[in-house]
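Heads up: the structure comes next, in structure tokens.
Below, chains carry the letters A, B, ... as their sequence lines are ordered, and counting in each starts from 1. These numbers come from the heavy atoms of this one structure, side chains and all, not from hydrogens, waters or symmetry mates. Computed from a predicted structure; not experimentally measured.
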2 protein chains.
Amino acid sequence: MKNEDEPKDKRLKPGDAQKLTMAEVAKYVGVSAMTVSRAFRQDASVSEETRKRIMEAVDALGYVLDLSAGSLSSRRSGFIAALVPSINNSNFSDTARGITDALQNTGLQLLLGYTDYSAEKEEELIEAMLRRRPEGIILTGGSHTARARRMLAKAGIPVVETWELPENPINQVVGFSNGEAMALLVRTLAGQGYRKFGYIGGTTARDTRGSQRRSGFQKTVEELGLGPGRMISFGVPPITMEQGGQAIVSLLERWPDTEVVLCVSDLSAFGAIMECTRRGMKVPRDIAIAGFGDYEISSICHPRITTINVDCYGIGRQAAARLLDALHTGNSTGDEITLTGYKVVLRESTDRNGAPSA
Amino acid sequence: MKNEDEPKDKRLKPGDAQKLTMAEVAKYVGVSAMTVSRAFRQDASVSEETRKRIMEAVDALGYVLDLSAGSLSSRRSGFIAALVPSINNSNFSDTARGITDALQNTGLQLLLGYTDYSAEKEEELIEAMLRRRPEGIILTGGSHTARARRMLAKAGIPVVETWELPENPINQVVGFSNGEAMALLVRTLAGQGYRKFGYIGGTTARDTRGSQRRSGFQKTVEELGLGPGRMISFGVPPITMEQGGQAIVSLLERWPDTEVVLCVSDLSAFGAIMECTRRGMKVPRDIAIAGFGDYEISSICHPRITTINVDCYGIGRQAAARLLDALHTGNSTGDEITLTGYKVVLRESTDRNGAPSA
DNA sequence: CGACAGGATGATATCGATAACAATTTGAAG
DNA sequence: CTTCAAATTGTTATCGATATCATCCTGTCG
């Protein structure tokens, strides 16, 4: 018989912690292990009285269920994986929170990874995740390596791509067109009379959403007959606040008469605005600046930043909801596309009447 | 005997995806399952030639290792758990990144959870995590429910508490004294001649680090003979940028002659500064404002914000390093305290000479 | 030439729960 | 008093990998 007390030896080997098993709880209560197992789930048929006795024993002994054993047997790992480009970006962490909230009371847990905007890192993470047999997986964007696609196809679990509308969706999609959203912003500002448009974004195509916004900008500026846009590329995505400040300096050196500058995100827009302020330029009097993403900062800072509001949290909730649907109906081949909303939020940083609150 | 082919039926049940097992790979190659298992690990003794054949087969068949089975057998789950108050706060996501980076090439994965600054939610998460048998756990702060403490003690895995110096450490600690750090900031500013100190923080004690900063402020202001501090409590932690703006309004209504205001975090300091700017007050000419945490925004915005720089990333790296040490030596009872650095960063928002860059 | 060390591989039991089915009990209806 | 359905509980096999020990093979050295 094992001794119930802590061993004298305080040394700890990875394996020997928490030796308590379900069978020992069962013996303690005087039932079978199967009954203990049932007591842990609400659906199972165990008499209230037995369950109470078991739960008291669990408490007394300090037993903690071992899901890794259970998931092997039930073939249900009990979690879903989500990969986001950066954990340090409140847009994506809002999405993560949406997923977590949608998973409440489903018995599913979120396993989060971040790819640093790299498809190679994404591939590695997908493999690492699949080794733990998630019941579904949520990805950001539609750009994946060939091997990643193969692994996902083989895994046979529902996949949801988010935050954009991929050309070749793997499975389900919850997102919006970044190009269209940026185009809408261009059209709105053009409608206010702006003519000379500049754009600030990162240097590479790693950030596919950034690239889509950029081409949405360029295409629309040309469609409206406003000549080729004045584009500055600066820094490796994700472009920081500081890089936004440096980029606007380059842009204004090259095209001093620019009237309005659109930025790939609010963060770079904020950096740009602060740099202008620091150099004695007034926004929007001397130059108008807009962002993308409607981060908290944009409604707080001075001047407040015109931007595209994206339903980040909703993307997370809906992605998780689609996944739960697929798991519930057992249908993983429904290649549905769920469009999420976005809207232009006009604020002080592009106001035609100069600083309105001053 | 099982049928090797995919079923005709495209419907997907949780269990029947990815039917491929190690044994099937083994049969395909003409070796035993054990040899395949060895091929997946670098230490094991398998001839290079056999390993190569196995890996080719793995590629060809699209086999993905199943860690949940392996961890049951080896009694090593292969991950460590970390709980942070909020995923949406760049200080904590820097810590998470530090942990992830330190875990590179250790074969350990990070399982992240967030507690929303609630000890009850933390307790739930700890239980959820322990059910997956993490090899170690990293917590934020030293405030836990009694049951959480019991579960952790019973689990017999190394625990690292971070971001503060708990009075009753469970095991290891990696952090700093939030009270001392705030005290240092008060003393520094008092040394510059400031006399009438205000403070902005959240309303409840949920955020223990916030409470420690608050009492560090109060104690130091009194020690310096600067009378009781002017304290405004506003909003439930984590206090937002917007609440920072509202709080400064209350504070100035009540104590219009306040010279300098310290905020529980840079985010509320930023909100306060923007609100002042919007109301036509100049920072620091009319009032000086400082924050805590040295968020990216504080070195970018105008005026730049005086703050305490905390080694968030280093906290994560060191916490993970301590955990790896403990796992390696097998000693979980080393109740060591690792102090991490912090420093005052003086910037424009508290400059005695008014706006220096203008 | 025999013996033995050491590398490579295989066979079997096992990790700790759950699925599937069997057995038992209880209670209501006939 | 039987009978049968429903509720409750137990038994056994199993999930897919790995620990452990056994076996086989090769080459070297006295």
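B:Val31 comes within 4.0 angstrom of the backbone, heavy atoms only, and of no base.
In this structure, NZ of A:Lys19 is placed 18 Å from C1' of C:dA17, rounded to the nearest angstrom. If you measure from atom CZ of B:Arg75 to atom C1' of D:dA19, you get 11 Å, rounded to the nearest angstrom. Per the geometry, CZ belonging to A:Arg76 stands 16 Å off P belonging to D:dG16, to the nearest Å. In this entry the distance linking CG of A:Asp66 with P of C:dC15 reads 12 Å, nearest Å. Going from atom CD of B:Glu49 over to atom C1' of C:dT9 covers 13 Å, rounded to whole Å. Whole-Å rounding puts the A:Met34 CE to C:dA23 C1' distance at 15 Å. To the nearest angstrom, C1' of C:dC15 lies 17 Å from CZ of B:Arg132. Remark: P of C:dG16 and CG of B:Leu67 are 18 Å apart, rounded to the nearest angstrom.
If you check the side chains of B:Ser86 and B:Asn88, you find no donor sitting under 3.5 Å from an acceptor. No side-chain donor-acceptor contact under 3.5 Å links B:Gln172 and B:Thr338. In summary, the side chains of A:Glu122 and A:Thr145 do not present any donor paired with an acceptor at a separation below 3.5 Å, with no hydrogens or angles considered. In this model, no donor atom of one side chain and acceptor atom of the other lie less than 3.5 Å apart for A:His144 and A:Glu123.
Residue A:Ser71 has no polar side-chain atom (N or O) positioned under 4.0 Å from OP1 or OP2 of D:dC15. Proximity of B:Tyr63 to the phosphate of D:dG16: no side-chain N or O atom is located under 4.0 Å from OP1 or OP2. Distances shown here put every side-chain N or O of A:Arg41 at or beyond 4.0 Å from the OP1 or OP2 atom of C:dA17. For D:dG10, the OP1/OP2 oxygens have a side-chain nitrogen or oxygen of A:Thr35 closer than 4.0 Å. Between B:Ser73 and the phosphate of C:dC15, there is no side-chain N or O to OP1/OP2 separation shorter than 4.0 Å. Contact check, B:Ser45 against C:dG6: no side-chain N or O comes under 4.0 Å of OP1 or OP2. For A:Thr21, a side-chain nitrogen or oxygen approaches OP1 or OP2 of C:dA17 to under 4.0 Å.
A salt bridge is absent between B:Lys52 and B:Glu48: the closest approach of a Lys/Arg side-chain nitrogen to an acidic carboxylate oxygen does not fall below 4.0 angstrom.
Minimum atom distance to the side chain of A:Ala69 is reached by C:dG16, of the listed D:dA19, C:dT9, C:dG16. Counting only heavy atoms from C-beta on, B:Arg38 has its side chain closest to C:dT9 among C:dA19, C:dT9, D:dA19. Among the nucleotides C:dG10, C:dG16, D:dG10, the one closest to the side chain of B:Leu72 is C:dG16. Taking only side-chain atoms of B:Thr50, from C-beta outward, the nucleotide of C:dG16, D:dA17, C:dT9 with the closest atom is C:dT9.
Where A:Glu48 and A:Ala33 each meet DNA chain D at their nearest nucleotide, the meeting point lying more 5' is that of A:Glu48. Along DNA chain C, the nucleotide closest to B:Ser47 and the one closest to A:Ala23 are compared, and the more 5′ of them pairs with B:Ser47.
Side-chain atoms of A:Glu24 and A:Thr21, non-hydrogen and from C-beta on, do get closer than 4.5 Å to each other.
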